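Note sheet for the following structure.
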Amino acid sequence: MITIPYLTALSTYFSYGLLFAFGQLRDFFRKIIDWWQSGDLQGYAPICLGLEDFYIRRLYNRIQDCFGRPISSAPDAWFDVVERYSNDNNKTLKRTTKISRCLNLGSYNYLGFAASDEYCTPRAIESLKKFSPSTCSSRVDGGTTTLHKELEECVANFVGKPDAMVTGMGYVTNSAILPVLVGKGGLIISDSLNHNSIVNGARGSGATVRVFQHNTPSHLEKVLREQISEGQPRTHRPWKKIIVIVEGIYSMEGELCQLPEIVAICKKYKAYVYLDEAHSIGAVGKTGRGVCELLGVDTADVDIMMGTFTKSFGSCGGYIAGSKEVIQYLKYTCPAHLYATSVSPPAAQQIISAIKVILGEDGTSRGAQKLARIRENSNFFRSELQKMGFEVLGDNDSPVMPIMLYNPAKIPAFSRECLKQNVAVVTVAFPATPLLLARARICISASHTKEDLLRALEVISRVGDMVGIKYFPAEPSKQETNVIKLE
Ligand SMILES: Cc1ncc(COP(=O)(O)O)c(C=O)c1O
Ligand SMILES: *[C@@H]1O[C@H](CO)[C@@H](O)[C@H](O)[C@H]1NC(C)=O
């Protein structure tokens, strides 16, 4: 749980209150002017309406230069951020031809495969020539190439399950598969901070959805006991099946799942475990096999293993790995397999090649070095940030580390000041996080060098002082040792 400093919470509420009040006031006058100029609405209801519309116009747009910044290179350790300007107070932003070379602390390029790689890139190019950017067909029609078959075998073997199915998009893997796995009369118990793709998949399934407190096994057990004793709504019949859904690493929190405890509880109550490893597969574990390997959980105890190729593997698409029976069933029923175009062949080849490098099947130890590097880099960066007095969320070994900002004014301040000093960071606010809990989310990569990390720490420390987000300052006597200087 995050404990917000009292004054910070107060000032954050106050800031949002002020923004909200002024926004409403401006909308009010706007309405009067619009009504006065033309009352002709042609009988249609406004197409964009409600709090989201208000939030976008009056809050998000004012700091939109901090989001969706176009880049013009691969998302490597350093990348090119395109400079933009505005003639209308940032309401619209126009691209210039100028770029600024920035240290990249925002991409999910955990192992560095998202940039040109001596093993993967030539193979991806070859497959582009041999196949094409697209199969122009779904898997069951003409969209299954030899690469797709190889990829599925490769993934099943890598994650440690009998079989696997791949789809063209990670988001859709969750949102299209959950409705096939469970429906009316079933129960989904979902972590309160699960990704939006899981939330939408669960909603779309028609199953009853219950939420347990984020990463809290004891609360999961409580919810399970309550739900099992109550049964289905109204009829109180037993649930047709129960699926518990968790993530390996929570991408907005940087936390590792309490998987051993959760698996034990699910076994006790005969509930299936569905694990989303989008951020953990390839990134953690001795051989990159994710949280099961890291935390010592037998993959046989996780019924459905889901993951994406968009992070550690530097590609796109998602997978489901499970028993032969489950995968066969999904291939007959899942709309993402039946009705959507299959993974792009060069993207498939990129994944196969990246897995080979990770496993050392390219004949080098580059994969092992990358895995050691991401772990060292992450643990070093996290401990240095903590020493500087930032409020950093998450666990050791996780390459994701959110730095809490809280106050809405600190979101653009932090992002813009870092960018000025050629450090590109991602800031996250509502609706991706609760209103009070805005943060900057640092993602560390194996491709960052020690110099990169020291430079980033130096800039973040300086900007942190300027913006006032060192919520846990060290004692003055220690402060000298907490400053990192780069000559
Ligand atoms: C936990 C989780 N699941 C699924 C996805 C969706 O994956 P993709 O971005 O590959 O569509 C994400 C994306 O960030 C994620 O964090
Ligand atoms: C517009 O964005 C720039 C950064 O791109 C920022 O410096 C400036 O303060 C913003 N202007 C307004 C009115 O918010």
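Start at 1 and go down the list; that is how both ligands and their atoms are numbered. Bear in mind the structure is a predicted one, so any value in this text is a computation, not a measurement.
Here is the list of ligand 1 atoms found below 4.0 Å of a heavy atom in Ala278: 1 (C), 2 (C), 3 (N), 15 (C). Numbered from 1 in the order shown, with element, the atoms of ligand 1 that lie under 4.0 Å from a heavy atom of Ser251 read 16 (O). Against a heavy-atom cut-off of under 4.0 Å, Asn174 is close to the following atoms of ligand 1: 3 (N), 4 (C). Near Thr310, meaning under 4.0 Å from one of its heavy atoms, ligand 1 places the atoms 8 (P), 9 (O), 10 (O). Ligand-side atoms of ligand 2 in range of Arg62: 14 (O), range being under 4.0 angstrom from any heavy atom. Which parts of ligand 1 touch Glu247 is read off a 4.0 Å heavy-atom cut-off, strictly below it: atoms 1 (C).
Ring centroid separation for the pair His448 and Phe381 does not come in under the 6.0 Å cut-off. A distance of 6.0 Å or more separates the ring centres of Tyr16 and Phe430.
Lys31 and Asp27 are not joined by a salt bridge, as no carboxylate oxygen comes within less than 4.0 angstrom of a charged side-chain nitrogen. Using a cutoff of 4.0 Å between basic side-chain nitrogens and carboxylate oxygens, Asp65 and Arg416 are scored as salt-bridged. Under a 4.0 Å N-O distance rule, the pair Lys420/Glu417 qualifies as a salt bridge. Salt-bridge annotation for Glu458 and Arg462: present, with a side-chain N of the basic residue lying under 4.0 Å from a carboxylate O of the acidic one.
For atom 5 (C) of ligand 1, the closest heavy atom belonging to the protein is His195 CE1, 3.5 Å. In terms of protein heavy atoms, atom 11 (O) of ligand 1 is closest to Tyr171 N, 2.7 Å. With respect to atom 10 (C) of ligand 2, the closest heavy atom belonging to the protein is Asn90 ND2, 2.5 Å. Among protein heavy atoms, atom 7 (O) of ligand 2 sits closest to Arg416 CD, 4.1 Å. In terms of protein heavy-atom proximity, atom 3 (N) of ligand 1 is nearest to Asp276 OD2, 2.7 Å. Among protein heavy atoms, the minimum distance from atom 16 (O) of ligand 1 is reached at His279 NE2, 2.9 Å. The closest protein non-hydrogen atom to atom 4 (C) of ligand 2 is Asp65 OD2, 3.1 Å. Annotation: atom 13 (C) of ligand 2 to nearest protein heavy atom, Asn89 OD1, 3.7 Å. Among protein heavy atoms, atom 13 (C) of ligand 1 sits closest to Lys311 NZ, 2.9 Å.
No side-chain heavy atom of Val428 sits less than 4.5 Å from a side-chain heavy atom of Pro402. Using a 4.5 Å cut-off on side-chain heavy atoms (C-beta onward), Tyr319 and Glu277 make contact.
The backbone N or O of Ile188 sits nowhere less than 3.5 Å from a side-chain atom of Tyr274 that would complete a donor-acceptor pair.
The one candidate from His337, His148, Gln328 that meets the side chain to side chain contact (heavy atoms under 4.5 Å, CB included) condition with Met165 is His337.
Proximity of Ile198 to ligand 1, defined as any heavy-atom pair under 4.0 Å, is not found for any part of the residue. Within the 4.0 Å heavy-atom criterion, neither part of Arg84 lies near ligand 2. At a heavy-atom distance under 4.0 Å, no atom of Met252 approaches ligand 1.
Met306 approaches Gly170 most closely through the heavy-atom pair CE-O, 3.5 Å.
Both tests hold for Lys370 against Phe113: distance to the six-membered ring centre under 6.0 Å, angle to the ring axis within 45°.
Note on ligand 1: Ser197 sits in its first shell, one or more heavy atoms being nearer than 4.0 Å.
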